[in-house]
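Handing you this structure, nothing more for now.
Throughout, numbering of the chain's residues begins at 1 and tracks the sequence. All values below come from the heavy atoms of this structure, side chains included, with hydrogens, waters and symmetry mates left out. Numbering of ligands and ligand atoms starts at 1, following listing order.
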Amino acid sequence: MAGSDQAYQAAFKQMGIIRAENLEDFLDLALMFAFQPVPEGPNVVVITNSGGPGILAADASEKLGLRLTTITPDTVEKLHNILPPYASFYNPIDLLGDASAERYQKALEIILEDPEAQAIMVILSATATIDPKETTERLGRVSSKAKRKTLAACFLGPETLKIAQEPLSKARIPGFIYPERVISSLAKMWRYRLWLMSPEDEPLNLKVDRQRATEIISVARQQDRRQLYEHEVKESLSAYGFRFPRSLLARTSDEALLSAQAIGYPVVLKIISPAFVHKTDVGGVRVNTGNDQELLEAFFELTSRAKKIAPSALFGVLVQEMIRNGREIILGFHRDPQFGPMIMFGLGGIYVEVLKDVSFRIAPFGRRQAQEMIRETKGYPLLKGVRGQPEADLEALTAAILALAQLTLDFPELAEGDINPLMLRPHGQGALAVDARLTLGGKR
Ligand code: ADP
Ligand code: MG
């Protein structure tokens with residue numbers, strides 16, 4: 001489920017690189033960055049001479065995480081002194097259709113002094129009374145007082161912008177035609193500021209038994225196997241702190257009975273064979289087996305099916321504790337040829353298959369990135385607990401993500417793998433790896 005576009009996206013996110021969606025977006029951003037400082041906050045003030053474009057800017061701001069801030073009472077009072085009483089004194093500030101170049105200049109001067117304004121967008125619609133060139137020249141004259149505020153202009157219509165272009169460039173005010181594009185660029189700049197302000201991630205300080213995992217993985221390598229056996233996967237992941245449900249491998253029905261009694265019903269039965277990577281696909285999993293009789297039935301059904309498909313490769317049937325209070329999570333990794341180990345997180349089961357609601361990071365990363373990875377999925381509220389459900393053990397989930405990242409860094413020979421599902425239990429109860437696989441890369 002991870003194409004290389006996702007690798008770029010993850011890398012950009014981690015490194016604070018802004019992604020331009022297309023060439024237009026790229027040039028917009030280039031213009032903004034060339035002329036203006038990165039906004040210090042999400043607060044935008046819009047000055048306009050027509051209502052519609054102001055509302056478009058307001059709607060776009062809302063959608064993209066900026067805020068049309070409330071200007072201070074002091075600023076409102078100052079505006080009253082220069083504007084007709086029927087103007088709009090609240091953000092967007094509407095100078096009205098008969099606004100002159102001078103009115104624009106005075107309004108900008110006032111807004112530049114408002115401490116709430118972090119970005120200012122001046123919108124101009126060509127009207128009979130306005131001279132775009134003169135207006136721009138006047139705006140340019142006061143723009144030097146902008147200091148750390150980010151300034152941009154939106155001149156509706158290419159003709160209008162063309163007239164204003166020269167004085168705009170001289171004053172280093174980026175000029176645009178569409179209000180939404182100004183807001184979109186500002187929003188991306190603001191996200192970049194957030195990245196600049198974010199603290200250093202906490203380094204990984206995991207206690208792992210690397211030696212133990214090395215021993216297991218080297219055996220598989222010596223045997224030229226790509227797929228690690230079920231017990232090898234379990235042992236190497238255990239060395240990295242993963243926990244598993246109780247389980248026993250049974251070769252005969254008698255062993256299966258004894259195993260189930262030792263573990264306690266209900267149990268899950270699973271065909272274990274290197275021939276089947278996805279057990280459910282071949283009818284190789286039976287959950288919720290409640291008693292001896294059901295167990296024997298399931299055992300014979302599973303083994304006869306497996307013998308038909310791959311007679312020589314059956315290792316046995318895994319009898320596993322049934323986990324009932326867990327939410328299914330998928331954790332996985334693969335190696336991107338450019339960026340290296342890509343760690344994936346998502347809500348498992350049908351969610352991952354249907355909604356593809358997964359997030360990615362490139363290892364190494366720390367605790368904060370792991371937490372963000374969890375929070376940025378749409379399914380996150382389900383983990384926080386909805387409708388009386390308890391919150392899931394997010395601490396255990398964070399630890400699991402970090403442990404998997406560490407494993408991929410310690411063993412470059414591991415090409416890909418997943419834990420699907422990891423059963424995430426309520427807060428304080430940890431997580432159990434119910435099914436996992438690890439695959440070694442080809443010959444190096
Ligand atoms: P595979 O992915 O190879 O088909 P799994 O071991 O993941 O096999 O089992 C398939 C599904 O059965 C899991 O996604 C989970 O919903 C359920 N399941 C498997 N083992 C357990 C268990 N121990 N407790 C609860 N549910 C389980
Ligand atoms: Mg599975």
Side-chain angles (χ1 to χ4, degrees), residues 1-2 226-238 242-250 256 259-291 294-295 297-299 301-303 305-306 309-310 313-334 343-358 379 382-383 389 392-393 396-397 400 404 416-426 429-439:
M1 268 189 294
R226 296 205 58 192
Q227 209 67 40
L228 263 64
Y229 292 145
E230 190 268 342
H231 66 275
E232 293 172 333
V233 172
K234 193 167 152 183
E235 277 206 49
S236 35
L237 287 176
S238 297
F242 283 90
R243 290 166 57 215
F244 291 80
R246 279 180 297 156
S247 60
L248 292 162
L249 187 70
S259 305
Q261 285 157 6
I263 289 166
Y265 286 108
V267 293
V268 179
L269 297 191
K270 298 180 188 183
I271 283 294
I272 299 299
S273 159
F276 312 132
V277 183
H278 299 289
K279 299 172 286 296
T280 307
D281 292 352
V282 294
V285 177
R286 176 72 77 81
V287 296
N288 211 14
T289 307
N291 53 47
E294 279 177 31
L295 179 110
E297 270 170 33
F299 182 88
E301 194 188 311
L302 258 56
T303 47
R305 198 174 287 156
I309 304 171
L314 183 62
F315 284 8
V317 172
L318 194 74
V319 181
Q320 192 176 61
E321 174 189 0
M322 171 94 191
I323 308 303
R324 278 172 295 185
N325 62 346
R327 270 163 272 194
E328 292 198 24
I329 300 293
I330 178 169
L331 297 183
F333 70 91
H334 76 280
I343 312 298
M344 178 184 80
F345 156 77
L347 258 63
I350 50 167
Y351 292 109
V352 75
E353 281 150 33
V354 179
L355 304 176
K356 301 223 179 343
D357 181 22
V358 290
L382 297 172
L383 297 179
Q389 254 186 335
D393 197 332
L397 179 57
L404 193 65
E416 57 175 3
D418 59 45
I419 300 159
N420 184 21
L422 176 80
M423 290 287 193
L424 185 62
R425 299 200 292 181
Q429 295 179 31
L432 296 171
V434 155
D435 180 37
R437 63 187 181 91
L438 292 173
T439 308

* Rounded to the nearest 0.5 Å, what separation is found between the CZ atom of Arg246 and the CG atom of Leu432? -> 10.5 Å
* Structure fact -> Residues at least two apart in sequence or cross-chain that pass side chain to side chain contact (heavy atoms under 4.5 Å, CB included) with Ala260, listed by chain then number, are Tyr265, Val267, Leu295, Val319
* Distance-minimising heavy-atom pair for Ala392 and Leu424 ->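 Smallest interatomic distance, heavy atoms only, reads CB-CD2, 3.5 Å.
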* Please indicate how many protein N/O/S atoms are found closer than 2.8 Å to the Mg ion (ligand 2), with waters neither displayed nor included. =>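 Total protein N/O/S atoms under 2.8 Å from the Mg ion (ligand 2): 2.
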* Residues in the immediate environment of ligand 1 (any heavy atom closer than 4.0 angstrom) -> Val268, Lys270, Val277, His278, Lys279, Thr280, Val285, Val287, Gln320, Glu321, Met322, Ile323, Glu328, Asn420, Pro421, Met423, Val434, Asp435
* Determine the minimum heavy-atom distance between Ile271 and Leu302, stating which atoms define it. =>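 That would be CD1-O, 3.3 Å.
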* Do Pro274 and Gln227 have side-chain heavy atoms sitting under 4.5 Å apart? ->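 A side-chain contact is absent here, since even the closest heavy-atom pair is not under 4.5 Å.
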* Asked: Quick one: CZ on Phe333 to CE on Met344, what's the gap to the nearest 0.5 Å?
  -> 11.0 Å
* Asked: Listed by chain and number, what are the side chain to side chain contact (heavy atoms under 4.5 Å, CB included) partners of Glu230, not counting sequence neighbours?
  ->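 Partners of Glu230 by the side chain to side chain contact (heavy atoms under 4.5 Å, CB included) criterion, ordered by chain and then number, come out as Lys234, Ile272, Leu318.
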* Closest contact, heavy atoms only, Ala433 versus Phe244 ->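 What the structure gives for the nearest pair is O-CD2, 3.1 Å.
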* **Basic-acidic side-chain contact under 4.0 Å: Asp435, Lys279** =>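 Yes, Asp435 and Lys279 are salt-bridged.
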